[in-house]
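In what follows, a single structure is set out as structure tokens and then discussed.
Heavy atoms only: backbone and side chains are in, while hydrogens, waters and symmetry mates are out. Predicted model only: the values in this text are computed from it and were never measured. Residue numbering restarts at 1 for every chain, and letters A, B, ... go by the order of the sequence lines.
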Protein chains: 2
Amino acid sequence: MTSRRTTPLAQPVLQSHHCTIDTRLEKLGLVTFFQTLDRQSLHGVNGLFRAHHVRQNDVIYRQHDKAAYLRILVFGAVCLLHHTESGKDILIDLLQPGEYFGTLPLLGEDHYSETAYAHTDCCILAINGTDFEQILQSHPDIAIALIGINAQRLKKARDTIRHLASSPVEKRIAATLLSLAHKFGIKKDEELLVQLPLSRKNLADITGTTTETASRVMSHFQDERIIKTGRKWVSITNLDALKQVSEH
Amino acid sequence: MTSRRTTPLAQPVLQSHHCTIDTRLEKLGLVTFFQTLDRQSLHGVNGLFRAHHVRQNDVIYRQHDKAAYLRILVFGAVCLLHHTESGKDILIDLLQPGEYFGTLPLLGEDHYSETAYAHTDCCILAINGTDFEQILQSHPDIAIALIGINAQRLKKARDTIRHLASSPVEKRIAATLLSLAHKFGIKKDEELLVQLPLSRKNLADITGTTTETASRVMSHFQDERIIKTGRKWVSITNLDALKQVSEH
DNA sequence: ACAGTAAAATGATGCAGCTCAATGTAGTGC
DNA sequence: GCACTACATTGAGCTGCATCATTTTACTGT
């Protein structure tokens, strides 16, 4: 079934054991805002979450839906995106296990401001507003940690703004590849493989360009031996050169 | 001294009474994250802030400086901006009295990620990390309110990203004028005057374009009788038409 | 009233990147 | 192995906006 594939990407398969109590606890502990909790409290918190399996490409929630759950990714990759009236999509972020997403009225947002869907098969923990409020009350530090996470996200958004306003596409794509490699990269021989399916369209939606332009830039990078790439995958072969491009 | 001016903008003068205890309390109460406090607590909180007067164009803190104070604007207007290596500036926000700015290590940021300067003469309240931590401990709601404010700011940043990635300049400038009018606009005859000095450069830095292009667009809007504008001021004469432009 | 300065307007030119269109190719189901 | 589909590539042409250069105008200090 797979002998015909030429992709170097691993295709992780979601299995039931990926959402066992132990895995859940491990991932919960990973989420920055639960890091201060001891094993005991973590167990209590765990009980308030419900686990869901979501199939690749299934929508988890939609932009403008009523905000009802805070979610934590346990397994797989989640994609957050904005739709624009013009039909162009903006990919806000690709999440890895341990990251939180979604929001609650309690946190000042009545509706989701983006759409979330399963970029690969996923296991997700969800908690409702009432239960999360309870956690916040008993562990006030968590609110502070949440502020910290959001501050980082705001910073990242402003970096994107800066790039969009002042860097040409090549630079933006180079910077994006670097940050994806940092987040999803795994060493493989002398290369750094981005362990995540990533189409030209995905890349274009992250960097605010078109699939055609993204494709041209990627071809160019490959010609320069900076990357190797194929259908939905990239591997960085010359990290320094890529950094060069992203800085000049 | 002013008889020669043709600007319709009022030029508010900062006077000592703008930072009296009463004004300070009023503005503190305005800041969303102190809204839940009663008069008594507000008085206590007020004592922990120090007031500063800042002259127009003076820098309040610089990008990359160590984060040391959380600040609240009491009088005047503050400008937040990013500098880019290429020399282009990105104007993140123009603040009005009652808004907070700056950050603290306690909130997950060790350094300021933008530069803040007095867009007009200002009165500003500042609080250090230790004192703010104390406030957070005695009033846990404040952390939640802070999360809400930052969620709004993140949303706004993502809107900007969407605009930069998918709207042409005219539309971006129209949208920016609308939001400035919403925030700083005052009714004057049949017009909506943006009560804030605003140069073509400011506008260009908000919308990610150049002064020349901003100027051309503004001239065009004026030709269309959508706005009246002059040196550092704008007044909206046809709000509906401006909305039209921002939506199409 | 005059001179000096910062801001704005306007024109001419070039090109990065979008658009439209056609072709090539990896992965999958049968 | 073949056919189908979704993804990727590549080309040609056009245009929105940046860039560079110059002139005009509003405001301030003296």
| query | Could you give the CG-to-P distance, from B:Leu9 to D:dC27, as a whole number of Å? | reply | 10 Å

| query | B:Tyr117 ring centre to B:Arg55 NZ or CZ under 6.0 Å, with the angle to the axis within 45°? | reply | no

| request: Using a strict cut-off of less than 4.0 Å between a Lys/Arg side-chain nitrogen and an Asp/Glu carboxylate oxygen, indicate whether A:Asp65 and A:Arg62 qualify as a salt bridge. | output: no

| task | Give a yes/no on whether any side-chain N or O of A:Thr209 is located under 4.0 angstrom from OP1 or OP2 of C:dC18. | result | yes

| message | Should the side chain of A:Arg231 and the base of D:dC7 be counted as holding a donor-acceptor pair, with the cut-off at 3.5 Å? | response | yes

| query | Please give, in whole Å, the distance from D:dA8 P to A:Ile227 CD1? | reply | 12 Å

| query | For B:Ser219 and C:dT10, is the shortest distance between a side-chain N/O and OP1 or OP2 below 4.0 Å? | reply | yes

| request: Using atom NE2 of A:His220 as one end and atom C1' of D:dT10 as the other, report the distance to the nearest whole Å. | output: 15 Å

| field | Spacing between A:Leu164 atom CG and C:dA16 atom P, to the nearest angstrom | value | 18 Å

| request: Give, ordered by number, those residues of residues 191-207 of chain B having at least one heavy-atom distance below 4.0 Å to an atom of DNA chain C; if nothing qualifies, reply none. | output: B:Ser199, B:Arg200

| message | For A:Glu191 versus A:Ser235, what's the shortest heavy-atom pair and its separation? | response | OE1-OG, 2.7 Å

| With a non-hydrogen cut-off below 4.0 angstrom, is B:Ser215 in contact with a base, only sugar-phosphate, or nothing? | base

| query | Thinking salt bridges, do A:Lys201 and A:Asp205 make one under a 4.0 Å N-O criterion? | reply | yes

| request: Would you mind classifying the nucleic acid contact of A:Thr211 as base, sugar-phosphate or nothing, using non-hydrogen atoms under 4.0 angstrom? | output: nothing

| 5'-most contact on DNA chain D: A:Thr213 or B:Ser167, nearest heavy atom basis? | A:Thr213

| Between C:dA7 and B:Lys232, is there an OP1 or OP2 to side-chain N/O distance shorter than 4.0 Å? | yes

| said: Tell me the interatomic distance from A:Lys88, atom NZ, to C:dT19, atom C1', rounded to whole angstroms. | reply: 13 Å

| query | Has A:Thr6 got a side-chain N or O lying under 4.0 Å from the OP1 or OP2 atom of C:dG27? | reply | yes

| query | B:Lys228 NZ to C:dA9 P: how many Å, rounded? | reply | 16 Å

| query | When the distance from CH2 of A:Trp233 to C1' of C:dT25 is rounded to whole Å, what number comes out? | reply | 14 Å

| request: Could you please name the option among D:dC27, D:dC20, C:dG17 that lies closest to any side-chain atom of B:Glu212? | output: D:dC20

| Would you call B:Glu85-A:Lys171 a salt bridge at under 4.0 Å N-O? | yes

| field | Short side-chain N/O contact to D:dT19 OP1/OP2 from B:Thr210, under 4.0 Å | value | no

| said: Could you walk me through whether B:Thr115 and B:Leu80 satisfy the side chain to side chain contact (heavy atoms under 4.5 Å, CB included) test, starting with their C-alpha distance in whole Å, then the side-chain angles of each, then the deciding distance to 0.1 Å, before giving a yes or no? | reply: CA-CA 6 Å; B:Thr115 296; B:Leu80 302 183; over 6 Å; no

| Side-chain donor-acceptor pair present, A:Arg200, A:Thr229, cut-off under 3.5 Å | yes

| said: Whether the side chain of A:Arg216 and the base of D:dT9 hold a donor-acceptor pair under 3.5 Å is what I'd like checked. | reply: no

| said: If you compare all heavy atoms of A:Val194 against all heavy atoms of A:Ala181, which two are closest, and at what distance to 0.1 Å? | reply: CG2-CA, 4.0 Å

